[in-house]
Structures are given as structure tokens and as C-alpha cells.
Amino acid sequence: MPYVIAAPCIDVMDKSCVEECPVDCIYEGNRKLYINPKECIDCGACEPVCPVEAISQDRRVPPEYADFIEDNRRFFTEVLPGRDAPLGAPGGSHTTGPIGVDTPMVTER
Ligand code: F3S
Ligand code: F3S
């Protein structure tokens, strides 16, 4: 059950979560960060450090943010604007650096 970053992260991007993640699976978009559901080991270390409480386990995401569960996944499985292939599971955000784009759902918010 991976963890998910929801709407409160948008335009805040505090990034304390990135420092806590032992497997480096939190990737930076343009206005928000995204947890890779294939790489997250569900340790939960990121959840309490977010100052705007944007992070929760997928089965505990507040109903108003339910669409962010699938949207976090889409960030890695679909081709993002300006790219020619899905990100997939690149093995850590330190290898990729900031991705710099968001999913269409986040861009439109
Ligand atoms: Fe966003 Fe909170 Fe991390 S604002 S970058 S989810 S610490
Ligand atoms: Fe990392 Fe949070 Fe998952 S710290 S391993 S993204 S639960």
C-alpha cells in the first residue's frame, strides 16, 4: 500500500519528505511532488514531516483527494508533457533530478 501525495503539496513543495525517504522514491514535478508506487516501501517516514499534511497511505487518503492516488501512479506510467517515454521506476530521484513537469490533472488545478 504505497503512500500518496495529494493537493496540499501543490505550490508548497516543502520537500522535507524527500529528506526522510530511505529509498529516494519521491520525485519532483513542477508544482508538486509524486511518490513512485512501484518504489515506495511503505515505511511511512515521509508522512509526519510534511507541514501541510499532504501525504497519506493510499487507503487513508481523504475522499476529496481520492483522484490523487491514480494521479501519483500516472506520473510514472504515462508519458508526461515534453517527454517521449514514461518515467517508469528509475531507481531514485537523485538519479533523475527534478522532472519539472506535472500530470495534466495537476497542471489544470
Ligand atoms: Fe510536498 Fe509536503 Fe513533501 S509539501 S514536497 S509533500 S513535505
Ligand atoms: Fe519513502 Fe514515504 Fe514510501 S518515506 S518509502 S515514500 S512511505
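Order of listing sets the numbers, starting from 1, for every ligand and every atom in it. Heavy atoms only: backbone and side chains are in, while hydrogens, waters and symmetry mates are out.
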Find all atoms of ligand 1 within a distance of less than 4.0 Å from any non-hydrogen atom belonging to [X], and give their numbers and elements.
{"X": "I55", "result": "6 (S)"}
{"X": "K15", "result": "3 (Fe), 5 (S), 7 (S)"}
{"X": "C50", "result": "2 (Fe), 4 (S), 6 (S), 7 (S)"}
{"X": "V52", "result": "4 (S)"}
{"X": "D14", "result": "4 (S), 5 (S), 7 (S)"}
{"X": "S16", "result": "7 (S)"}
{"X": "M13", "result": "4 (S), 5 (S)"}

Nearest to atom 5 (S) of ligand 2 by heavy atom, V49, L33, I26, I41: which?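 Going through V49, L33, I26, I41 one by one, I41 has the nearest heavy atom to atom 5 (S) of ligand 2.
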Could you confirm whether C21 has any N/O/S atom lying under 2.8 Å from atom 1 (Fe) of ligand 2?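 Looking at C21, which is the residue asked about, there is an N, O or S atom under 2.8 Å from atom 1 (Fe) of ligand 2.
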Check ligand 2 against [X] and write out every atom of the ligand that is under 4.0 Å from a heavy-atom position of the residue.
{"X": "V23", "result": "5 (S)"}
{"X": "I35", "result": "6 (S)"}
{"X": "Y3", "result": "7 (S)"}
{"X": "C43", "result": "4 (S), 5 (S), 7 (S)"}

Nearest neighbour in protein (non-hydrogen) for [atom]:
{"atom": "atom 1 (Fe) of ligand 1", "value": "C9 SG, 2.4 Å"}
{"atom": "atom 2 (Fe) of ligand 2", "value": "C46 SG, 2.3 Å"}
{"atom": "atom 6 (S) of ligand 2", "value": "C25 SG, 3.5 Å"}
{"atom": "atom 7 (S) of ligand 2", "value": "G44 N, 3.2 Å"}
{"atom": "atom 3 (Fe) of ligand 2", "value": "C40 SG, 2.4 Å"}

Contact summary for [X] and [Y], nearest pair of heavy atoms:
{"X": "C9", "Y": "V52", "value": "N-CG2, 4.4 Å"}
{"X": "D58", "Y": "I69", "value": "O-CD1, 3.4 Å"}
{"X": "C21", "Y": "C25", "value": "SG-N, 3.5 Å"}
{"X": "Y27", "Y": "E39", "value": "OH-OE1, 2.6 Å"}

Under 3.5 Å donor-acceptor, [X] side chain and [Y] backbone:
{"X": "R31", "Y": "R109", "answer": "yes"}
{"X": "D102", "Y": "N30", "answer": "yes"}
{"X": "N72", "Y": "V4", "answer": "no"}
{"X": "N36", "Y": "G88", "answer": "yes"}

Whether C17 has an N, O or S atom under 2.8 Å from atom 3 (Fe) of ligand 1: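 Given the 2.8 Å cut-off, C17 counts as a ligand of atom 3 (Fe) of ligand 1.
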Compare all side-chain heavy atoms of P86 with those of T77 and state whether any distance is below 4.5 angstrom.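 No, side chains not in contact.
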Should R60 and E47 count as side-chain neighbours, where that means a heavy-atom distance under 4.5 Å?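 Side-chain contact under 4.5 Å: yes.
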Assess whether atom CD of E70 is packed by more than 12 heavy atoms of other residues, nucleotides or ligands within 6.0 Å.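 Enclosed: over 12 neighbouring heavy atoms sit under 6.0 Å from CD of E70.
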Under 3.5 Å, is there a donor-acceptor pair between the D71 and Y34 side chains?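 No pair is found: no donor N or O on one side chain lies under 3.5 Å from an acceptor on the other.
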